[in-house]
Amino acid sequence: MADDKDQRYDPAAIEPKWQARWAADPHLYAADPPASGKPKYYLLEMLPYPSGQLHMGHVRNYAIGDALARHMWMRGYNVLHPMGWDAFGLPAENAALKNNTPPRQWTLGNIAAMKRQMLRLGLGYDWATEITTCLPEYYRWNQWFFLRMLEKDLAYRKQSKVNWCPDCATVLANEQVIDGCCWRHEETRVEQRDLEQWFLRTTAYAQELLDGLDKLDGWPEKVRTMQRNWIGRSQGAEVDFRFERSMHDLLVEQSGEAKPAASQTHQIIRVFTTRIDTIFGATSVQLAPEHPMVGTLASADHGLRVQVDELIAEQKKARASGDLTAIDKHGVPTGHFAVNPFNNELLPIWIANYVLMDYGTGAIMSVPAHDERDFEFAKKYALPIRRVIAPADPNAEEPELPFTSEDGVLVNSGEYSGLRCAEAQKRLQEVAASGAFGEAKITYRLKDWGVSRQRYWGTPIPMIHCDRDGLVPVPDDQLPVVLPENIEITQQGGSPLGRVPEFVHVKCPKCGEPARRETDTMDTFVDSSWYFYRYTDAQNDHAPFDSAKAQHWFPIDQYIGGVEHAILHLIYSRFWTKVMRDLDLVANDEPARRLFTQGMVIKDGAKMSKSKGNVVSPDDMVARYGADATRMYALFAAPPDRDLDWQEDGVAGVSRFLGRVYRLVTKYSCVAKSNAPAARETQASPTTATLLRKLHQTIARITLDFEGRWHFNTCVAAIMELVNELQAADAELASGEVPAPVVAELLRTLVLLLAPFAPYLAAELWEDLGGEGAILRAPWPKSDPGLAKEEEVEIPVQINGKLVTVVRVAAGADSKSIEAAALTDRKVQLRVAGKTVAKVIVVPGRAISLVVK
RNA sequence: GCGGAAGUGGUGAAAUGGCAAACACACUAGCCUUAGGAGCUAGCGCCGCAAGGCUUGCGGGUUCGAGUCCCGCCUUCCGCACCA
């Protein structure tokens, strides 16, 4: 017996050794140039925010990606597997406030720490293409893209109501407001502020973003649905209702006691509806409390002002609580009227708390007979309810109201009565358009992307405010507009850059007169909207990337990340790709062919969080069990798309398994290396056949999983089964009953199969077995179907649907011999005795089923 | 309300319509020892001494055969939501 110490699996010795060797070979994980002729495979995991520490979610994400990358390398693909840092953002400023550390220093320090963790985990990234979004070499291209969008009218500035988070002291995009609260501060209610802001015209691509989802069949249905909901297309029409003042107002006006408000005399209320076919059933018009006309009306009527303010307050509160449906529908009559352009009926105008200003036109026509909400409202205020749609089937019973089906026929609708709903919608839209009082209209919930942030740690928006020339873009040759260093960070309103005179004061590029720089910075989601293109040409200093290089690699073959980015990042980056395509920079319409969203890592049934105190540190795990065991457990404990409950005992179990593999391989590596004459032609022992069969079955299972299903948990289980079987055959291996070349094949293949999941141990054992070159480029094993085939199979026998017994037959046995075997079985004969076999169903190799009467 | 995913042992889970619970964890008993976060052997869904019976959220259906397919419910998680 050799020294036991040497037989002990010690990741703390093996892993740093290989880490150093890999670090010394910068080409190991680098992609070949396009000319290599190998098929390309662009595999990407979402880049992390450099908070300072990897968390288990990262480890899982990267363990999945790295296993796949290693497998693809072994399959002979030219793999692009890059990593970078999403390095702008508020936490750096908060840290600056707290520790008095400059954001840049804090961020770069965190990057160094996290990169060390990634290297320690043995993740195979090509660090030559690393990107860091907070460095000018990167963010200057954000500015460059911004200017291109400005030229194409895809970037613009407007005064608007914006979401303001008091804790971030900055504006948020709609996508960053969750249930009325900030995405970073779940307890902080977002306020509305009126500010001049820069916007990117995402709505210009709303329809294409929606249509593109149908073709993204490599994306999870869940993500596609979420994006469809977010884009929120609805098809309908806008119709103008003429404003008609109340009788009281007219009388007062005629008596000369009050001056008419000129602006109100010929006003028009434009409503949006998806059911223009029901317009003859409209019995009132409802305005959102924040509708501009309400403001005008209320300015002359103090009582109304108070009521309206109350409605607005209710909406805000409901929005903050996240459930708008819960608030009680109510409203305030204005006393004024709107004229239905189709029948000139006078409809009372109400202000209602359930009508939203930020959707459609902020005004609706109320058709109680055919809309749930309108019905509820009309009941409450005893407004008339007029049915104008009848079921399509003339024999159908009188429908209960509200009758919201569109499968119907118009009634009580003048000359349009008798038309089907769909026809009527078309006709009425045409009539409205030809009479210039309406048009067909498609409304989206998606809004333009507000990208201005009043913070320091972001990309400066490359614009200059000149008193003479207005808004002047920074010329391309003056990019980048560099973020100044060593500035004072405060949380008090306004951009910190506004307090840096040497940044603000600039000469106008047009007239040369003194001017002011824009002091807002860009939303950090700009950085991540195109970063993956930069990986294809990370060092380029005269363009964001070379289009030819991007075209070679794009689209991304596989993108992997958390589902929490389903809306924000994944819509913005799809938008950016379409813009770049229209700038002739790329040829692809979509950034990623396939998207995989891995499940969360949880502990004791709850998401890991500092406040719950259930955070498991990757460093701890690596220190105790090694990187291989940590990574392999992350793949073994659950299929990658499901949530994973972190149980440390499980990591210990995987670690023990790796120890068994280590002992097994090192014990027989001498035999495997012995170069004994290939003696396989002699009668193979049963054990040899069994082991080879198991081996080739395992290769087939794992290979199949890598090709799409990705159930790496069962891949690991399959390797465990193989090892269990090898261990069970220890006597035969030790006695030499299994020939040396077979031992070599068994062990070498085992190590190759292990390589994507436990790269350190695989590299160590590969070397021990005398494997040539890096195991990363060793060919992935092929399953030999002849060796994998079972000689005998067990066939379950069912009688009248019940399992009775199992019979053994030769693997290729035909239906007749299976039937014969079943019918001669003792248990079967006992049950069949005295009865007739009415029917026999045989699925060769699978099952036999008898129907007995 | 709309949409998506899921529901199987004490736990994580496995199962192209064909022997439910593979592989692990935990546990139990035993062995070994250089006493280790080690190794080995055996047991481990439920009821039962056993023979045997029962078991994949609930109720139906299709089928020779259903955890798997279909219909209807229930529960949980996620996303969207007075979207006109």
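Atoms considered below: every heavy atom in the structure, side chains included; atoms not considered: hydrogens, waters and symmetry mates. In what follows, every chain begins at residue 1, and chains take the letters A, B, ... in the order their sequences are listed.
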Could you tabulate the donor-acceptor pairs under 3.5 Å formed by side-chain atoms of residues 837-853 of chain A, not counting sequence neighbours?
none

- Distance, P atom - from B:A66 to B:G18, rounded to whole angstrom: 11 Å

- Task: Could you tell me the separation between the CZ atom of A:Arg445 and the P atom of B:A84, rounded to a whole number of Å?
- Result: 11 Å

- Task: Take the protein atom CD of A:Glu376 and the nucleotide atom P of B:G1, then report the distance between them rounded to whole Å.
- Result: 14 Å

- A:Lys380, NZ: over 12 other non-hydrogen atoms inside 6.0 angstrom: yes

- Is A:Asp730 salt-bridged to A:Lys667, cutoff N-O under 4.0 Å? yes

- Selection residues 635-646 of chain A - residue pairs positive for side-chain hydrogen bond (donor to acceptor under 3.5 Å, both in side chains), sequence neighbours left out: A:Asp645-A:Gln647

- Message: Any base atoms under 4.0 Å from A:Asp643, or only sugar-phosphate, or nothing? Heavy atoms, all strands.
- Response: sugar-phosphate

- Message: Tell me the interatomic distance from A:Ile231, atom CD1, to B:A81, atom C1', rounded to whole angstroms.
- Response: 16 Å

- For the residue pair A:Phe437 and A:Phe342, categorise the inter-ring angle as parallel (less than 30°), tilted (30 to 60°) or perpendicular (more than 60°). perpendicular

- State, with a plain yes or no, whether a side-chain heavy atom of A:Val308 is found less than 4.5 Å away from one of A:Ile351. yes

- Query: What distance, rounded to whole Å, do you find between the two C1' atoms, one in B:G10 and one in B:C71?
  - Reply: 35 Å

- d(CG, A:Leu356; P, B:C83) in whole Å: 8 Å

- Query: If you measure from the Lys or Arg side-chain nitrogens to the Asp or Glu carboxylate oxygens, is any gap between A:Lys603 and A:Glu648 under 4.0 Å?
  - Reply: no

- Message: Please classify the nucleic acid contact of A:Arg709 as base, sugar-phosphate, or nothing, using heavy-atom distances under 4.0 Å.
- Response: sugar-phosphate

- Between OG of A:Ser366 and CZ of A:Arg373, what distance do you get to the nearest 0.5 Å? 9.5 Å

- What one-letter contact string describes nucleotides 20-27 of chain B from 5' to 3', where B marks a base within less than 4.0 Å of any protein heavy atom, S marks contact via sugar-phosphate atoms alone, and - marks no contact? --BBSSS-

- Which residue lies toward the 5' end of RNA chain B, A:Leu644 or A:Ile848, if each is placed at its nearest nucleotide? A:Leu644

- Message: Here's a test for you: under side-chain contact (heavy atoms from CB on, under 4.5 Å), which of A:Leu823, A:Ile795, A:Val828 qualifies with A:Val807?
- Response: A:Ile795

- Integer-rounded Å distance: B:G65 P and A:Ile799 CD1: 14 Å

- Query: Do the ring planes of A:Tyr381 and A:Trp350 sit parallel (below 30°), tilted (30 to 60°) or perpendicular (above 60°)?
  - Reply: tilted

- Spacing of the P atoms in B:G65 and B:A20 (rounded, Å): 15 Å

- Does B:C83 have OP1 or OP2 sitting under 4.0 Å from an N or O in the side chain of A:Arg373? yes

- Mind checking A:Gly801 for me? I need base, sugar-phosphate or nothing, with any heavy atom below 4.0 Å counting as a touch. sugar-phosphate

- Query: Looking for any heavy atom pair under 4.0 Å, which part of the strands does A:Val355 touch: base, sugar-phosphate only, or nothing?
  - Reply: base

- Message: For the aromatic rings, using the six-membered ring if either is Trp, is the centroid distance between A:Phe757 and A:Phe706 under 6.0 Å?
- Response: yes

- Task: Specify the residue among A:Ile841 and A:Asp374 whose closest nucleotide of RNA chain B lies further upstream toward the 5′ end.
- Result: A:Ile841

- Base, sugar-phosphate, or nothing for A:Glu794, non-hydrogen atoms under 4.0 angstrom? base

- Message: With a 4.0 Å limit, can you tell me whether A:Gln727 has a side-chain N or O closer than that to the phosphate oxygens OP1/OP2 of B:C40?
- Response: yes

- Query: Under 3.5 Å, is there an N or O donor on one side and an acceptor on the other linking the side chain of A:Arg846 and the base of B:U16?
  - Reply: yes

- Message: So for atom NZ, which belongs to A:Lys441, do other residues, nucleotides or ligands contribute more than 12 heavy atoms lying within a distance under 6.0 Å?
- Response: no

- Query: Mind telling me whether B:G67 is syn or anti, cutoff 90° either side of 0?
  - Reply: anti

- Task: Could you tell me whether A:Lys329 and A:Asp374 make a salt bridge, using a distance below 4.0 angstrom between a side-chain N and a carboxylate O?
- Result: no

- Message: Run A:Asn353 and A:Gln315 through side chain to side chain donor-acceptor pair (under 3.5 Å) and show every step you take.
- Response: CA-CA 7 Å; A:Asn353 66 349; A:Gln315 278 193 346; over 6 Å; no

- Task: Tell me which residues in residues 217-228 of chain A put a heavy atom below 4.0 Å from RNA chain B, sorted by number, or none.
- Result: A:Lys222, A:Thr225, A:Met226

- Message: Please confirm whether the shortest side-chain N or O distance from A:Tyr354 to OP1 or OP2 of B:A84 is below 4.0 Å.
- Response: no

- Query: Of the nucleotides B:A13, B:A15, B:A84, which has the atom closest to the A:His711 side chain?
  - Reply: B:A15

- To the nearest Å, how far apart are A:Lys603 NZ and B:G12 C1'? 13 Å

- Message: With rounding to the closest Å, how many angstrom separate the C1' atoms on B:U8 and B:A14?
- Response: 10 Å

Show each protein N/O and nucleotides 52-57 of chain B N/O combination with a separation under 3.5 Å, one pair to a line.
none

- Query: Do A:Arg233 and A:Leu209 come close enough that some side-chain heavy atom pair is under 4.5 Å?
  - Reply: no

- Message: What's the gap between B:U75 and B:C82 when it is taken at their P atoms, as a whole Å value?
- Response: 24 Å

- Item | B:G57 to B:G53 separation - P atoms, rounded to the nearest Å | 23 Å

- Look at atom CZ of A:Arg831 and say whether more than 12 heavy atoms of other residues, nucleotides or ligands are closer to it than 6.0 Å. no

- Item | Beyond-backbone contact of A:Ile389 with A:Arg275, side-chain heavy atoms, under 4.5 angstrom | yes

- Say you pick atom P in B:G79 and the same atom in B:U62; how far apart are they, in whole Å? 40 Å

- Task: Could you check how far CD1 of A:Ile567 sits from P of B:G79, rounded to whole Å?
- Result: 10 Å

- What is the distance, rounded to the nearest whole Å, between atom CG of A:Asn800 and atom C1' of B:C64? 9 Å

- Any chance you could encode RNA chain B as dot-bracket? Rule is Watson-Crick or G-U wobble with both distances under 3.5 Å; [ ] for pairs crossing earlier ones, | for another strand. (((((((..(((.....[....))).(((((.......))))).(((....)))..(((((..]....))))))))))))....

- Taking N and O atoms by type only, does the side chain of A:Lys329 place a donor or acceptor under 3.5 Å from a partner on the base of B:C82? yes

- Query: Taking the P atom of each, how far is B:G60 from B:U55, in whole Å?
  - Reply: 13 Å

